[in-house]
Amino acid sequence: MSCVATLGMFDGVHRGHLAVLAVAREEADRRGVPLTVLTFDPHPVKVHRPEHYLTEVTTLEHRTDLLRAAGADDVRIVPYTLEFAQQSPAEFTRNYFVNALKAVCVVEGEDVRFGQGNSGDAARLRELGAAQGFDVLIVSDLLDPVSGRRWSSTWVREALLAGDVREAAYVLGRPHRVRGIVEHGQKRGRELGFPTANVHAHGVGVVPKDGVYAGWLHVEGERLPAAISVGTNPHFDGVRRTVEAHVLGRADLNLYGDEVEVEFTDRIRDMLSFDSLEGLLTEMDRDLAATSAILGVAQATRVDPSSVTAS
C-alpha cells in the first residue's frame, strides 16, 4: 500500500518536528493514504562520534508514542549503522521511499539531510522524487517567531541541562516528561512524611539539572500533582542520581514496578545540603507550598509518616 512518508531523528518531537508532521498528516488525508514516519536508532552521533556523549531527549519508546500522537499511522525504526550510512542519496530514497514504503509523497523540513556524508538535501530530494516517481513537499520557516532561532533538539537539551524546564516546554510545545519504572529507594522520604516514587535517572531521556521542581506524576491515566527532586540526595550523602516524585498529600500509593511519567512544570530551587534535619524539613515544607502555588492546587503539607502504606 502506498503512503505519505517523512524521515528524521525526531529527537524530542519538538515544534519544528510537529510542523512537518502536521503538513505530512494533511497531505496523507488529502490523498487518502496512511502517514509513515521513518526514524533512527541509535542516534547518528553515537555511531559516527561515539566519544561525544549524547542523551536523546526522550526514549525510543516515548518518541514513537509522541510521533503517533502527532498523526503517524506507522512508525518504522531504521537501525542506524555505519553500513547504512554509506548509501548514496539515490540508493537511500530508492531503498526506503520507493521499494520499502511505496511513498507517493515525501514531506521534509528545509534542513533535511540524508545519504552518505549527509550529501542529500532538499534540492536533491526534489530531483530524486522527480526521477523515482514520488512527490516532495518541503516545509520551510521552522523558526521561533520571537527569537528567530531554529526549533531544535539541541535547544531543548540545553534548556533542560540548565534546569530551565519552562523554556524546554516552549520549544517542545508541551511540558517535558521522563518515563521510567518506579523502584525501591532508601525509604527516607516516607520516614519524613514525604513518600516518593523513585525512578533511576539513567535511560529515561534527558533529565533536567539537579534541583527541586513542581510538576505532575502520570500513572495509569491519572495526573497527580507532585514535588519532584532530581539528584543524588546530598543531605544523606547519596551517590545514585534519581528522579523522586512526591505526590502532594498522598500516602497510599503503591507504585513499585509501575511505569510512570514525570512531567516538569517549573523549577523551584537548586539541590542543597543542610546542616540539620530540621533545616531540611523546613525547606521541604517550603517546596510543598511552592509546588501547590505553581500547580494551582490546594496547599499541601507533609503526610503523617505512620499513615504511609507504600512508596
Measuring from [X]:[atom1] to [Y]:[atom2], what's the distance to the nearest 0.5 Å?
X	Y	atom1	atom2	result
Leu128	Phe92	CG	CZ	11.0 Å
Arg174	His176	CZ	NE2	8.5 Å
His246	Leu224	NE2	CG	11.5 Å

Are side-chain N/O atoms of Glu61 and Thr59 paired as donor and acceptor at under 3.5 Å?
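No - no donor-acceptor pair under 3.5 Å links their side chains.
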Regarding Glu183 and His200, is there a side-chain donor-to-acceptor distance under 3.5 Å anywhere?
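Short answer, no.
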Write down the atom of [X], the atom of [Y], and the distance for their closest heavy-atom approach.
X	Y	answer
Leu7	Phe40	CD1-CZ, 3.3 Å
Tyr80	Ala85	OH-CB, 3.4 Å
Asp258	Asn254	OD2-O, 3.9 Å
Val4	Ala24	CG1-O, 3.8 Å
Leu101	Ala5	CD1-CB, 3.9 Å
Ser2	Val104	CB-CG1, 3.6 Å

Angle between ring planes, Trp155 versus Trp151, binned at 30° and 60°: parallel, tilted or perpendicular?
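Trp155 vs Trp151 ring planes: parallel.
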Just checking [X]: does its [atom1] atom have more than 12 heavy atoms from other residues, nucleotides or ligands closer to it than 6.0 angstrom?
X	atom1	value
Glu158	CD	yes
Arg166	CZ	no
His48	NE2	yes

Partner residues of [X] under the side chain to side chain donor-acceptor pair (under 3.5 Å) criterion, sequence neighbours left out:
X	value
Arg126	none
Lys46	Glu56
Asp41	none
Gln299	none

Between [X] and [Y] (salt bridge meaning N to carboxylate O under 4.0 Å), is one present in this structure?
X	Y	value
Arg15	Asp144	no
Arg31	Asp135	yes
Glu91	Arg94	no

Tell me if a side-chain donor or acceptor on Arg25 pairs with a main-chain N or O of Gly71 at a distance below 3.5 Å.
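Yes, Arg25 side chain to Gly71 backbone: donor-acceptor pair under 3.5 Å.
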Looking only at atom types and distance, does a side-chain atom of Asp11 sit under 3.5 Å from a main-chain N or O of Val57, one as donor and one as acceptor?
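Yes.
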To which residues is Leu143 joined in a hydrophobic cluster, defined by side-chain heavy-atom contacts under 4.5 Å among Ile, Leu, Val, Met, Phe, Trp and Tyr, whether direct or through other members?
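Taking Ile, Leu, Val, Met, Phe, Trp and Tyr as members, Leu143 stands alone, with no cluster partners.
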Which residue pairs pass the salt bridge (Lys or Arg N to Asp or Glu O under 4.0 Å) test with at least one member in residues 95-120, sequence neighbours excluded?
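Sorted result for residues 95-120: Glu110-Arg150.
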